[in-house]
Colleague: 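I'd like to ask you about the structure that follows.
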Amino acid sequence: MPELPEVAAAALELTKAALGKTIAAVRPVHFAMKKKFPPADARRVKGRRIEGIERQGKHQLLRLDSGDTLVVHFRMNGDWEIGTTGEEIDRFARGVIELTDGTRISLIDSRALSSILLDREGSSSLPKLGMDANDPGLNAAHLKNVLARKKIGIKPALMDQAVLAGLGNIYAAEALWRAGIDPTRPASSVSPAKLAKIADSIRYVLSPEAAIPGRYTDGDTEGRFAVYGREGEKCRKCGTKVSRIVQAGRSTYFCKKCQRG
DNA sequence: CGACTCCTGACA
DNA sequence: TGTCAGGAGTCG
C-alpha cells in the first residue's frame, strides 16, 4: 500500500505518537525482522529519546538522542498501528516500538517484507535517493538531467528511487496516463515538453486534491485510479480498453490510444 | 537488462 | 493450485 503520500501520512502519525518520547523497547516479532534487528540493536536503543522523525523517499527515519537512527521501510504492505502496551499484539505485527508512556507502535505487514534497521551514528544504510517526488523543484529541466542516458522505459525510470524518491508503481502509471505518455518510451528520448507534462502530472497525482482514497483518506475505493488495476476496463478519456504489460517485473497499466507520446 | 529473492494473503 | 500484490536488493 505505501507510496509517498501514504508513507508521509504514516510518518505524521508516527510523529504524533512518538516524537519526544523515550523508547522502552524495540522488538522484532517476525523471524524475518529478527534477522535484521539483532538483540544488540535492541539493547542499544532502549532508553533513547526520539528526537526527530523524518521521511526520505519511502524511508522513515527516527533520530535518536544517541545519534543513532532507526530506519523503517514499509515495502509493499507495511503500516503503523498505534496502540498501548496493554493490548494484544496484532496478528500481523512484525515489529513493535514501545514507549515509556505506554504507547505501542506496531509495524503491521501481512507479507513481512518491511524492515526496521539501526544505523549507528555516522553510518547510513540508505540507498541513493533522487529528488523527492513532492519537491516543488521538480520540473522538466530536472527530469531531463536525471533521465539523460536512461534507456529504460520512462515508467520504470520514474520508479527508480535514485531518479525520483517516493514515486511507485501506482502513481507512476497514473501520472503517465494523465500526461499522455507511453510508459515504454525510452526515458532519455522523452522531449522537454513531455517532461514538463510529466512533472505537472506527478505533482497533481500526489497532491491533496487528487488524494486517492485509501488507508488515510476517506472515499470509495472503487474507481479511485484512472488506469492502475483497470485492465480491460474503459479508459476514462477515450473509452479504449486499458492495457496491462509487465515492465521490470511490475505491472504497467496504460491506455494505448491516449499514451502514445 | 531479466530473473530470482524476501514473505504471506487474497482471489480466480 | 496458481497467480498476483502499491518494493527493492542481489546476481548473472
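These numbers come from a predicted model, not from an experiment.
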Colleague: Measure from CZ on A/R244 to C1' on C/dC4 and round the result to the nearest Å.
Modeller: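 Answer to the nearest Å: 8 Å.
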Colleague: Expressed in angstrom and rounded to an integer, what is the separation of A/K34 atom NZ from B/dC6 atom P?
Modeller: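 Taking atom P of B/dC6 as the reference, NZ of A/K34 is at 19 Å.
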Colleague: Whole-Å distance between C/dG7 P and A/N169 CG?
Modeller: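 Whole-Å distance recorded here is 6 Å.
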Colleague: When the P atoms of C/dC4 and B/dC4 are compared, how many Å lie between them, rounded to an integer?
Modeller: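 Roughly 14 Å separates the two P atoms.
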Colleague: In whole Å, measure the gap between the C1' atoms of B/dA10 and C/dA8 for me.
Modeller: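 It works out to 22 Å between them.
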Colleague: Using atom names, set out every protein N or O paired with an N or O of nucleotides 8-12 of chain C below 3.5 Å, distance rounded to 0.1 Å.
Modeller:
residue, atom, partner, partner atom, Å
C/dA8, OP1, A/H73, NE2, 3.0
C/dA8, OP2, A/K58, NZ, 3.0

Colleague: Run through DNA chain B and report every stem of 3 or more consecutive Watson-Crick or G-U pairs, distances under 3.5 Å, ordered by first number.
Modeller: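 B:1-6 with C:7-12, B:8-12 with C:1-5 - these are the stems of 3 or more pairs that involve DNA chain B.
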Colleague: For the residue pair A/K155 and A/A172, what are the closest heavy atoms and their distance?
Modeller: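 Here A/K155 and A/A172 meet closest at CG-CB, 4.1 Å.
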Colleague: Of all heavy-atom pairs between A/C255 and A/T240, which one has the smallest distance, and what is that distance?
Modeller: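 Minimum heavy-atom contact is SG-CB, 4.0 Å.
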Colleague: Let me know the distance between CG of A/N77 and P of C/dG7, rounded to the nearest Å.
Modeller: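 From A/N77 CG to C/dG7 P: 10 Å.
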Colleague: For residues A/K197 and A/A179, report the shortest heavy-atom separation together with the two atoms involved.
Modeller: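 Nearest heavy atoms, A/K197 then A/A179: CD-O, 3.7 Å.
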Colleague: Which pair of heavy atoms, one from A/A226 and one from A/E174, lies closest together, and at what distance?
Modeller: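 Shortest heavy-atom contact: N-OE1, 2.7 Å.
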Colleague: Please work out if A/S251 contacts a base, only the sugar-phosphate, or nothing of the nucleic acid, heavy-atom cut-off 4.0 Å.
Modeller: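 Result for A/S251 = sugar-phosphate.
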Colleague: Are A/R260 and A/D182 close enough for a salt bridge, meaning some N to O gap below 4.0 Å?
Modeller: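 Looking at A/D182 together with A/R260, the answer is no, because their closest N to O distance does not fall below 4.0 Å.
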Colleague: Should A/L61 and A/R63 be marked as a side-chain contact (heavy atoms from CB on, under 4.5 Å) after you check the CA-CA gap, both sets of side-chain angles, and the distance that decides it?
Modeller: CA-CA 6 Å; A/L61 310 181; A/R63 305 290 190 191; 3.5 Å; yes
Colleague: For A/R94 and A/M33, work out which heavy atoms get closest and say how close.
Modeller: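 In terms of heavy atoms, the two residues are closest at O-SD, 3.2 Å.
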Colleague: Quick one: what's the B/S/- string for nucleotides 7-12 of chain B, heavy-atom cutoff under 4.0 Å, read 5' to 3'?
Modeller: BBS---
Colleague: Salt bridge check: are A/D200 and A/R178 linked by an N-O gap of less than 4.0 Å?
Modeller: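 A/R178 and A/D200: not salt-bridged.
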Colleague: Work out how far the P atom of C/dG9 is from that of B/dG9, and round it to whole angstrom.
Modeller: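 Between the two P atoms, the distance is 25 Å.
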Colleague: Taking the P atom in each of B/dT5 and C/dT3, what is the distance between them to the nearest angstrom?
Modeller: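 Comparing P positions in B/dT5 and C/dT3 gives a spacing of 15 Å.
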Colleague: List the atom of A/N77, the atom of A/R111, and the distance in Å for their closest heavy-atom pair.
Modeller: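 Residues A/N77 and A/R111, closest heavy atoms: ND2-CD, 3.0 Å.
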Colleague: Check the distance between C/dG7's C1' and A/I116's CD1 and give it to me in whole angstrom.
Modeller: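 My rounded result for the distance is 16 Å.
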Colleague: A/I105 pairs by side chain to side chain contact (heavy atoms under 4.5 Å, CB included) with which of A/L62, A/L14, A/V96?
Modeller: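 Of A/L62, A/L14, A/V96, side chain to side chain contact (heavy atoms under 4.5 Å, CB included) with A/I105 is met by A/L14 alone.
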Colleague: Given A/I202 and A/L164, is the side-chain contact (heavy atoms from CB on, under 4.5 Å) satisfied, shown in steps?
Modeller: CA-CA 11 Å; A/I202 290 172; A/L164 209 52; 3.7 Å; yes
Colleague: Between A/Y171 and C/dG7, is there a contact of a side-chain N or O with OP1 or OP2 at under 4.0 Å?
Modeller: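 For C/dG7, neither OP1 nor OP2 has a side-chain N or O of A/Y171 closer than 4.0 Å.
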